[in-house]
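What follows is a short report on a single structure.
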Amino acid sequence: MSRDPGHLPAFGGTEPGGPPAGLPRQRRGTTPQMRGRYPDYDVLAETSHWDEATRRVVLDRVERVPPIRFFDEAEAATLGAFCDVVLAQDAEPRIPVLAMVDEKLAERRGEGYRHADMPSDRETWREVARMLDAAAAAEGAESFATAGREAQLRIVQRFSEGELAWEGCPVDKAWGVAMRDLLGAFYSHPWAWNEIGFGGPAYPRGYARLGAGQREHWESPPQFERDPVRDVDERGLE
Amino acid sequence: MRRYPEAESVDMLIVGCGAGGTTLAQRLARRGWRVVVLEAGPFWDPDRDWVSDEAGSRNLYWTEPRVIGGSDPVELGKNNSGRGVGGSMVHFAGFAPRFHPSDFEVKSRDGVAADWPISYEELRPHYEALEQELPVAGEHWPWGDPHGYPHSPHPVGGGALRMIEGAERCGIEMRVGPVAIANGSFGNRPHCIYRGLCLQGCKVGAKGSPLVTHLPDALAHGVEVRAECMATRVEIDEAGRATGVTYFHEGEEHFQAAEAVAVAGYSIETPRLLLHSTSARFPNGLANGSDLVGRGVMVQGAPQVGGRFPEELRMYKAPPPEIASEQFYETDASRGFARGFSIQTVGPLPIGWAEHVLADGHWGQSLREYMRDYNHWYVIGALSELLPLPGNRVTLADETDANGMPVARMDYSQCDNDRANIAFGKERMREIVRAAGAQDVLEIDRYAHLVGGCPMSGSPESGVVDSDQRVWEVPNLFVADGSVMPTQGSANPALTIMALSARLAERLAAKRAGQGSERREAVSA
């Protein structure tokens with residue numbers, strides 16, 4: 001796994017690297033995998049307070065999941081499995097991050113830079129799919145998508161550390177490109193905002209309660225609190 | 001808006017409608033000059049075009065292809081490159097500090113980089129005027145040349161208060177401001193609503209950018225802004241004078257004639273345009289006789305340190321620019337490196353914060369767990385003065401854009417002084433965050449702000465433009481943006497870019513008092 005999750009606010013899941021034990025089920029609205037620290041918070045209940053342009057852009061992410069156009073079927077299977085592992089989306093509902101990335105690549109929306117020793121973002125994503133499948137083949141699997149969970153975690157761990165062998169492009173920069181796109185997709189989605197308790201768009205209403213521990217009337221308190229430092233100390237996790 | 005025919009030779013043709021270009025246009029138009037501004041991006045209607053959303057704001061950035069290299073490459077785009085009327089100030093955080101007097105003489109004082117051919121005193125009246133015009137809000141500022149601000153400081157959030165306390169325990173003073181956000185309504189601009197999306201374009205209109213501060217006055221004084229017009233060449237006649245600019249609008253090539261041209265495309269696009277403007281007389285590009293165009297391009301080191309606190313701080317509220325310290329701005333020989341850094345607040349939104357968490361090595365369940373803790377974190381960042389190095393430069397890549405123009409390539413590598421400065425700043429920030437009571441700390445290395453690449457200098461051999469920002473080799477060609485800065489201090493550059501343009505307009509006007517022919521005389525003096 002990535003850096004020891006014992007460092008985290010609430011480690012202690014039923015399986016290593018799983019979500020923490022006791023993390024509530026979402027009761028209102030949707031979060032990815034229906035878990036969250038703010039089980040009664042639904043940012044999508046606030047859309048009538050948003051300006052029209054913002055409402056359109058954010059609701060589009062929920063209501064209009066684009067079809068896969070850029071990746072072929074095999075690439076989509078490999079990269080879909082990669083997205084699930086790297087964002088810990090192990091159950092429905094999932095934020096459709098691969099579809100969001102696919103649309104961006106299909107429409108050639110750039111970020112404003114390309115490393116001199118890297119191919120285009122479009123080609124980089126295809127290289128990532130080839131690299132993951134090659135790494136899975138080296139572990140005896142037919143493809144990354146069909147490799148077992150443990151093998152997938154091992155491969156992604158090596159990818160994240162720049163340690164996968166690959167001729168196609170510098171592996172550390174490919175990780176940077178892929179994760180930039182995936183984090184941009186995942187945390188732009190209002191389901192993820194529900195999970196983390198983000199207040200979301202606030203125009204024209206604004207925010208008024210700026211102090212520590214203060215909340216707007218529509219924001220919701222966390223229902224799962226564990227002081228990470230105390231938790232880590234008590235359980236001797238670090 | 002006034003319109004000029006392309007064949008009419010306007011008094012000043014400006015390329016780029018950002019901090020430098022807009023301020024110059026407004027100041028010259030007020031003095032009666034006929035001015036056209038070409039802008040590659042759109043003419044924004046904030047109501048229609050901007051959103052209160054992190055990912056949805058990508059159109060504000062220059063996302064056209066560019067190539068980056070060097071041992072410490074700088075990711076261009078959303079963090080540092082604007083596109084559209086208003087320029088990068090549309091998405092800047094809002095910090096508007098002055099440079100310090102020492103910034104103008106770092107070679108004499110500290111033996112590094114280069115002195116500016118002008119002094120702080122020459123910019124001071126323009127700083128003072130622009131702080132009124134933006135306006136800037138903040139506490140009395142004790143650093144550099146001590147000064148006050150026209151608007152009182154904004155209220156700050158719980159996180160910033162923690163940091164003020166933490167810094168105090170470390171013997172470090174942090175003050176509120178200085179931000180180009182009116183405290184209260186200002187003219188027809190509404191007051192700030194503390195929604196925290198300053199970097200996504202201020203839909204409210206409270207944060208200053210040329211689009212709301214200087215453009216309306218420029219238009220009222222007869223400036224024409226031609227949006228979605230990408231300049232590809234500054235044209236030169238046989239005598240070596242600029243005659244105007246070739247540009248593309250909707251795939252069609254156009255030419256606007258002008259008595260004088262000011263390039264204000266910022267540190268990547270200005271060098272790109274000059275390097276691409278080759279001719280028999282200037283085969284290596286305009287202003288490039290000393291092979292200095294594009295060299296010395298700079299970014300500030302911008303490492304960030306986040307702390308986890310027991311209570312919810314919800315750092316997405318309130319403008320990200322809340323408080324700052326310039327206590328470490330000047331050289332202190334005991335630190336073992338030249339120049340210094342400032343410390344400011346950052347307030348990343350979820351995607352920005354996720355990038356922090358990833359940089360600390362987390363993905364999968366661990367990433368999700370950290371992100372669920374978002375509301376408990378608060379972040380401060382340094383702006384470290386990195387030195388201008390000749391090997392850090394903008395050149396033309398082999399790849400071309402839709403108009404057939406080679407895209408820019410930016411190479412960037414740090415020197416030992418840069419690394420020592422960044423490391424020292426991170427250490428101070430960790431101390432502050434821990435003294436503020438943080439239970440856990442995360443950090444990330446990044447960059448902020450582009451300047452340099454066409455430095456002003458006292459001689460043609462040592463720079464691209466003279467002290468009046470006039471290209472040494474072309475008498476009626478000027479550079480009016482952050483690329484003229486020989487050094488960058490550890491201040492956010494927007495206010496200084498505007499002040500330089502305000503000074504430039506004054507210098508141009510001082511050389512003439514009337515109309516027409518005298519104006520032409522002024523620009524060729």
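What's counted below: heavy atoms across the whole structure, side chains too, no hydrogens, waters or symmetry copies. Proteins come first, then strands; the chains are lettered A, B, ... in the order of their sequence lines, and each starts at number 1.
Most heavy-atom pairs under 4.5 Å with chain A, from the set B/Glu54, B/Arg368, B/Glu311, B/Glu355: that is B/Arg368. Of the residues considered (A/Gly110, A/Ala185, A/Gly200), A/Gly110 shows the highest number of contacts with chain B, using heavy-atom pairs under 4.5 Å. Note on B/Arg162, B/Arg195, B/Lys203: by heavy-atom pairs under 4.5 Å with chain A, the leading option is B/Lys203. Between chain B and the residues A/Ala212, A/Pro201, A/Gly112, A/Gly36, the most heavy-atom pairs under 4.5 angstrom are made by A/Gly112. Looking only at heavy-atom pairs under 4.5 Å with chain B, the residue among A/Phe186, A/Phe198, A/Tyr38 that has the most is A/Phe198. Between chain B and the residues A/Ala208, A/Ala202, A/Gly199, A/Ala88, the largest count of heavy-atom pairs under 4.5 Å involves A/Ala88. Across B/Val407, B/Val204, B/Val357, the residue that shares the most heavy-atom pairs under 4.5 angstrom with chain A is B/Val204.
How far CZ of A/Arg209 is from NZ of B/Lys317: 7.5 Å, rounded to the nearest 0.5 Å. Between the CH2 atom of B/Trp50 and the OG1 atom of A/Thr54 there is a distance of 12.5 Å, given to the nearest 0.5 Å. The distance from the CD1 atom of B/Ile68 to the CG atom of A/Asp117 is 9.0 Å, given to the nearest 0.5 Å. Put simply, CZ on A/Arg109 and CG on B/Asn59 are 9.0 Å apart, with the number rounded to the nearest 0.5 Å. Note that the OH atom of A/Tyr203 and the CD atom of B/Gln200 stand 15.0 Å from one another [nearest 0.5 Å]. To the nearest 0.5 Å, the span separating OH on B/Tyr316 from CD1 on A/Ile196 amounts to 9.0 Å.
Heavy atoms closer than 4.5 Å to chain A are found in the side chain of B/Leu358, but not in its backbone. With a threshold of 4.5 angstrom between heavy atoms, A/Val57 approaches chain B through side-chain atoms but not through N, CA, C or O. Proximity to chain B involves both the backbone and the side chain of A/Glu195, based on heavy atoms less than 4.5 angstrom apart. For B/Leu349, the part lying near chain A is the side chain, with the backbone staying farther off; criterion is any non-hydrogen pair under 4.5 Å. Only the side chain of B/Pro73 comes within contact range of chain A, with at least one heavy atom under 4.5 Å from a heavy atom of that chain. Residue A/Trp50: no heavy atom, backbone or side chain, is found under 4.5 Å from chain B. Residue B/Asp411 does not touch chain A at all, counting heavy-atom pairs closer than 4.5 Å. With a 4.5 Å cut-off on non-hydrogen atoms, A/Arg55 does not touch chain B at all. At a 4.5 Å heavy-atom cutoff, A/Leu182 makes no contact with chain B through either its backbone or its side chain. In this structure, no portion of B/Tyr61 lies under 4.5 Å from any heavy atom of chain A. Of the atoms belonging to A/Pro204, it is backbone heavy atoms, and not side-chain ones, that fall under 4.5 Å from chain B. Both the backbone and the side chain of A/Val86 come within less than 4.5 Å of a heavy atom in chain B.
When the shell of 6.0 Å around CG of B/Asp45 is examined, it contains more than 12 heavy atoms from other residues, nucleotides or ligands. By the neighbour-count criterion of 12 heavy atoms within 6.0 Å, atom NE2 of B/His191 is sparsely surrounded, having that number or fewer from other residues, nucleotides or ligands.
Put simply, the side chain of B/Leu367 reaches to within 4.5 Å of the side chain of A/Leu87, judged on heavy atoms. Residues A/Arg114 and B/Pro65 form no side-chain contact, since every pair of their non-hydrogen atoms from C-beta on lies 4.5 Å or further apart. Considering only heavy atoms from C-beta on, B/Trp363 comes within 4.5 Å of A/Trp175 through its side chain. Residues B/Ile193 and A/Tyr207 fail the side-chain proximity criterion, which asks for heavy atoms closer than 4.5 Å.
Salt bridge absent: A/Arg180 and B/Glu75 never bring a charged side-chain N and a carboxylate O closer than 4.0 Å. The pair A/Arg61-B/Asp53 counts as a salt bridge, with a side-chain nitrogen and a carboxylate oxygen less than 4.0 angstrom apart. In this structure, B/Arg58 does not pair ionically with A/Glu111, as no charged nitrogen and carboxylate oxygen lie closer than 4.0 Å.
Nearest heavy-atom pair, A/Ala53 versus B/Asp47, reported as atom, atom and distance to 0.1 Å: CB-O, 4.0 Å.
In summary, the side chains of A/Gln214 and B/Arg314 do not present any donor paired with an acceptor at a separation below 3.5 Å, with no hydrogens or angles considered.
Judged by distance alone, the side chain of B/Asn375 and the main-chain N or O of A/Gly197 form a donor-acceptor pair under 3.5 Å. Checked by atom type and distance alone, the side chain of B/Arg66 never pairs as donor or acceptor with a backbone atom of A/Tyr113 at under 3.5 Å.
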A/His115 and B/Val67: CA distance, side-chain angles, deciding distance, side chain to side chain contact (heavy atoms under 4.5 Å, CB included) verdict: CA-CA 6 Å; A/His115 287 276; B/Val67 179; over 6 Å; no

